[in-house]
Amino acid sequence: MAETSRTDKIEAIIDIGKYDQKLVKAFGILAEELVSGQTDIQSVEFGQVMQGINWTVEVLKQVMDVIQEEPAQLDIVSINDALTAFHNAYAQEDTVQLAAVLRDKMIPAFQQICELGTRYE
């Protein structure tokens with residue numbers, strides 16, 4: 001299997017930044033809907049957000065060597081903290097806590113990824 005070039009990884013960072021702009025918006029909408037009871041963790045929309053989160057994590061793993069060339073670009077600890085908090089609230093099926101995690105942790109963490117993508121454009 002051929003190794004991915006640095007240029008391809010930079011393109012992936014740009015793409016993930018653009019994609020995560022949409023995901024951040026979806027986090028806000030989903031948080032409101034979870035609190036209001038308009039949706040739950042079994043909904044199609046929630047599943048799509050989960051797929052987006054998983055895709056982001058997979059891409060980050062593939063491009064981490066480029067990101068780590070300038071470690072100050074991304075606060076990996078806060079991103080991991082947000083993902084852990086999200087997972088814990090999901091495992092407990094606590095929609096109120098999930099909404100809080102989306103607003104307070106996931107949005108700021110994923111905004112970092114969006115900003116990272118714009119730095120490479």
Side-chain angles (χ1 to χ4, degrees):
M1 183 172 180
E3 186 167 321
T4 306
S5 73
R6 186 175 193 288
T7 303
D8 289 341
K9 289 180 180 184
I10 289 172
E11 185 176 317
I13 293 168
I14 293 167
D15 289 346
I16 197 173
K18 290 177 182 175
Y19 175 80
D20 282 0
Q21 290 174 2
K22 296 173 187 170
L23 195 55
V24 165
K25 288 178 187 174
F27 289 163
I29 294 166
L30 186 59
E32 289 177 22
E33 290 178 354
L34 286 168
V35 169
S36 71
Q38 291 176 304
T39 195
D40 60 29
I41 62 173
Q42 303 302 321
S43 71
V44 170
E45 295 81 11
F46 191 86
Q48 291 171 335
V49 167
M50 291 286 286
Q51 288 177 347
I53 292 167
N54 290 335
W55 181 78
T56 296
V57 170
E58 288 305 312
V59 173
L60 283 176
K61 288 178 187 177
Q62 298 299 316
V63 300
M64 195 54 67
D65 59 325
V66 173
I67 292 170
Q68 289 178 335
E69 290 173 359
E70 297 178 47
Q73 295 190 92
L74 203 58
D75 182 358
I76 298 299
V77 172
S78 71
I79 292 171
N80 284 335
D81 180 50
L83 292 168
T84 299
F86 182 82
H87 171 77
N88 291 340
Y90 177 76
Q92 295 173 8
E93 298 184 16
D94 184 340
T95 56
V96 173
Q97 184 62 29
L98 269 169
V101 169
L102 284 165
R103 281 191 310 266
D104 302 338
K105 292 186 178 278
M106 295 293 281
I107 288 174
F110 277 65
Q111 282 175 332
Q112 287 185 61
I113 299 167
C114 296
E115 292 166 11
L116 177 66
T118 60
R119 281 184 242 152
Y120 281 95
E121 289 182 328

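Because the structure is predicted, anything quoted here is derived from the model rather than measured. Computed from heavy atoms alone, side chains included, the values below leave out hydrogens, waters and symmetry copies. Counting from 1, the numbers follow the sequence of the chain as shown.
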Solution key, residues 103-115 side-chain donor-acceptor pairs under 3.5 Å, sequence neighbours excluded:
{"unit_1": "K105", "atom_1": "NZ", "unit_2": "D81", "atom_2": "OD2", "d": "2.8"}
{"unit_1": "Q112", "atom_1": "OE1", "unit_2": "D75", "atom_2": "N", "d": "2.7"}
{"unit_1": "Q112", "atom_1": "NE2", "unit_2": "S78", "atom_2": "OG", "d": "2.8"}

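- Taking CZ of F46 as the reference point, atom CG of L102 lies at 7.0 Å (rounded to 0.5 Å).
- In this structure, CD1 on I14 lies 9.5 Å from CG on L116, to the nearest 0.5 angstrom.
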Hey, mind stepping through R119 and Q73 against side-chain contact (heavy atoms from CB on, under 4.5 Å) and telling me if it holds?
CA-CA 9 Å; R119 281 184 242 152; Q73 295 190 92; 3.4 Å; yes

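- M50 and L23 end up in the same hydrophobic cluster when Ile, Leu, Val, Met, Phe, Trp and Tyr side chains are linked at under 4.5 Å.
- Between E121 atom CD and E11 atom CD the span is 11.5 Å, to the nearest 0.5 Å.
- Note that CZ of R6 is 8.0 Å distant from CD1 of I13, once rounded to the nearest 0.5 Å.
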List the steps and the verdict of side-chain contact (heavy atoms from CB on, under 4.5 Å) for Q38 and E45.
CA-CA 11 Å; Q38 291 176 304; E45 295 81 11; over 6 Å; no

Kindly indicate, with the supporting measurements, whether the criterion side-chain contact (heavy atoms from CB on, under 4.5 Å) is fulfilled by L98 and Y90.
CA-CA 6 Å; L98 269 169; Y90 177 76; 4.2 Å; yes

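- Atom-to-atom distance recorded for L30:CG and T39:OG1 is 6.0 Å, nearest 0.5 angstrom.
- Take Y19 and apply the ring-ring contact (aromatic ring centres under 6.0 Å, His included) test, not counting sequence neighbours, and it matches W55.
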I would like to know whether I16 and Y120 meet side-chain contact (heavy atoms from CB on, under 4.5 Å); could you show each step before the answer?
CA-CA 11 Å; I16 197 173; Y120 281 95; over 6 Å; no

Pairs under 3.5 angstrom only: tabulate donor-acceptor contacts from the side chains of residues 57-66 to other protein residues two or more places apart or in another chain.
{"unit_1": "E58", "atom_1": "OE2", "unit_2": "K61", "atom_2": "NZ", "d": "3.3"}
{"unit_1": "D65", "atom_1": "OD1", "unit_2": "K9", "atom_2": "NZ", "d": "2.9"}
{"unit_1": "D65", "atom_1": "OD2", "unit_2": "K9", "atom_2": "NZ", "d": "2.9"}

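- Here the straight-line distance linking atom CG of D20 with atom CG of D15 works out to 11.0 Å at 0.5 Å rounding.
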